[in-house]
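Here's the structure, in structure tokens; my notes come after.
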Amino acid sequence: MAQIDLSRTKRIDKNRNVVHDKVSCTYTVFENAGNKYIQIDTYGRVERETPEKLSQSLQFDKESAKFLVDLLIREFNLNLM
């Protein structure tokens, strides 16, 4: 499990990029110590040795969620108005 650390978040350019297979995903919304979090969990492909096993968990607080929304708007040139 990982919580996004914005102070160590940076863009990098890779020489080789691959589109990954689609997998199942769930999300949970919860509060801890007065702060709201969204956790996104992804699960392994059906073909894996242990199919549908929890693979990755990412947690976002309000600040990291805003960073992600701003990034998506900018990189996909989204006009939400």
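For clarity, every value in this text was computed on a predicted model and none was experimentally measured. All values below were derived from every heavy atom in this structure, side-chain atoms included, with hydrogens, water molecules and symmetry-related copies excluded.
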Sole candidate of Thr28, Asp41, Thr26 that passes side-chain hydrogen bond (donor to acceptor under 3.5 Å, both in side chains) when paired with Ser57: Asp41
Counterpart residues, side chain to side chain donor-acceptor pair (under 3.5 Å), relative to Lys66 (two or more places apart): Asp70
Side chain proximity check, Asn32 to Asn35, heavy atoms < 4.5 angstrom: no
Within 6.0 Å of CD in Glu63, more than 12 heavy atoms from elsewhere: no
Cluster check Leu54, Ile38: I/L/V/M/F/W/Y, side chain < 4.5 angstrom: no
Qualifying residues under salt bridge (charged side-chain N to carboxylate O under 4.0 Å, His left out), relative to Glu47, sequence neighbours excluded: Arg45
By side-chain contact (heavy atoms from CB on, under 4.5 Å) - contacts of Lys14 (at least two apart): Ile12, Asn17
Heavy-atom pair of closest approach, residues Ser55 and Gly44: CB-N, 4.0 Å
Any side-chain heavy-atom pair of Tyr43 and Val23 under 4.5 Å: no
CZ-CG distance between Phe60 and Leu6, expressed to the nearest 0.5 angstrom: 9.5 Å
Within one Ile-Leu-Val-Met-Phe-Trp-Tyr cluster: Leu58 and Leu72, side-chain cutoff 4.5 Å: yes
Contacts of Arg11 that satisfy salt bridge (charged side-chain N to carboxylate O under 4.0 Å, His left out) - sequence neighbours left out: Asp13, Glu75
Residues that Glu31 engages under salt bridge (charged side-chain N to carboxylate O under 4.0 Å, His left out), provided they are two or more places apart: none
Tyr37: ring pair (Phe, Tyr, Trp, His ring centres under 6.0 Å) partners, not counting sequence neighbours: Phe30
